[in-house]
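Scroll down for the structure; my scribbles are underneath it.
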Amino acid sequence: QPGCTRLGAGGGFVWNASEHTTLSLEAGPEYGSGPCIARFTSSFSGYLAQRISPRTVLYLNAARDLVEPYLLQSRWTDIFSAKLWQKTSQNTDVSAGAGYARSSALASGTGPLYRGFLAFSEFYWHVSNSVSFVGSYRYFKRDLASANFQDRQSWVFCSLVWHPVSRAMHRSH
């Protein structure tokens, strides 16, 4: 929305339930000034990290924003995601995951207007303390219920990442 400015605050907590489990919850109000459709709104989110083994971690995330004006003037947007990360060797790790987003522009909040799905896989190879290779595949599908619109995309990314300061120096501080 051109001219709409949002300002928000929030609070939350992180609870290390055990050596292997971390839970985070946060929420907060937002205020819109200018030509915003909704003046007052809020957002909520929760995050769970569960170490399954010394080399494997499961991440779960859920969030709800009550107004997402950049997404079809929606009244609410829900986002869910999951990621499984695995350390495969001293210099490599892989991860795979999926995410789902839905929103509604209906005042009653019933029935999704927008739906999006993302699946991904990533491979990291730490070639040296300052150079990494990252390869990933992403599949994205979205549809808009009101316009009978569907979009599907597949992407492959390959990156060579150079860290001017080595990873070993980052860990020592």
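Here the structure is a predicted model, which is why all the values come from computation and not from measurement. When a residue number appears, it is its place in the shown sequence, counting from 1.
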Next on the checklist: Can you confirm whether the side chains of E30 and T41 place a donor and an acceptor under 3.5 Å from each other?
Outcome noted: no
Checklist entry - Measuring from S121:OG to K83:NZ, what's the distance to the nearest 0.5 Å? => result 11.5 Å
Next on the checklist: Is there a side-chain hydrogen bond (donor to acceptor under 3.5 Å, both in side chains) between W125 and N91? Walk through the geometry before answering.
Outcome noted: CA-CA 6 Å; W125 175 28; N91 294 325; over 6 Å; no
Checklist entry - Got a sec, which residues hit side-chain contact (heavy atoms from CB on, under 4.5 Å) with S24, two or more places apart in sequence or on another chain? => result V14, E26, Y47
Checklist outcome for this item: Contacts of S81 meeting side-chain contact (heavy atoms from CB on, under 4.5 Å) (sequence neighbours excluded), chain-then-number -> N61
Checklist entry - Who are the side-chain contact (heavy atoms from CB on, under 4.5 Å) partners of T88, not counting sequence neighbours? => result Q86, T92, V94
Checklist entry - Given the rule in the side-chain contact (heavy atoms from CB on, under 4.5 Å) test, do R142 and R115 qualify, once you have shown the distances and angles that lead to the verdict? => result CA-CA 5 Å; R142 65 182 174 154; R115 290 180 300 240; over 6 Å; no
Checklist entry - With no hydrogens and no angle check, do the side chains of T77 and D65 hold a donor and an acceptor under 3.5 Å apart? => result no
Next on the checklist: Rounded to the nearest 0.5 Å, what separates atom OG in S43 from atom CD1 in I79?
Outcome noted: 10.0 Å
Next on the checklist: Could you measure the distance from the OH atom of Y59 to the OG atom of S95? Nearest 0.5 Å is fine.
Outcome noted: 9.0 Å
Checklist entry - Do you know which two heavy atoms are closest between S45 and A63, and how far apart they sit? => result CB-CB, 3.8 Å
Checklist entry - With a cut-off of 6.0 Å (strictly less than), are more than 12 heavy atoms of other residues, nucleotides or ligands near CD of E19? => result no
Next on the checklist: Taking side-chain contact (heavy atoms from CB on, under 4.5 Å) as the definition, give me every residue that meets it alongside F157, ordered by chain and number, with sequence neighbours left out.
Outcome noted: S136, R138, W155
Checklist entry - What distance separates S154 OG from K141 NZ, expressed to the nearest 0.5 Å? => result 12.5 Å
Next on the checklist: Applying a strict under-4.5 Å side-chain criterion to I, L, V, M, F, W and Y, I'd like to know whether W162 and V127 cluster together.
Outcome noted: yes
Checklist entry - Under a single-linkage definition using a 4.5 Å side-chain heavy-atom cutoff for Ile, Leu, Val, Met, Phe, Trp and Tyr, are L48 and I52 assigned to the same hydrophobic cluster? => result yes
Next on the checklist: With rounding to the nearest 0.5 angstrom, report the CG to CG distance, D143 to D151.
Outcome noted: 10.0 Å
Checklist entry - Of the non-hydrogen atoms in S132 and H126, which two are nearest, and what is the gap between them? => result OG-ND1, 3.2 Å
Checklist outcome for this item: So CG of L23 and CZ of F13: to nearest 0.5 Å the spacing works out to 5.5 Å
Checklist entry - Checking side-chain contact (heavy atoms from CB on, under 4.5 Å) for the pair D93/W85: CA distance, chi angles, key distance, verdict? => result CA-CA 7 Å; D93 51 83; W85 174 86; 3.2 Å; yes
Checklist entry - Among the clusters formed by ILVMFWY side chains lying less than 4.5 Å apart, do F123 and L160 turn up in the same one? => result yes
Checklist entry - Looking at residues at least two apart in the chain, or sitting in another chain, which of them share a ring-ring contact (aromatic ring centres under 6.0 Å, His included) with Y31? => result F40
Item to check | Flag for S130-H163: side-chain donor and acceptor within less than 3.5 Å | outcome: no
Next on the checklist: Using a 3.5 Å distance criterion without hydrogens, assess whether the side chain of R51 forms a donor-acceptor pair with backbone atoms of V57.
Outcome noted: no
Item to check | Shared-cluster residues of Y124, by chain and number - hydrophobic side chains joined below 4.5 Å | outcome: V134, V161
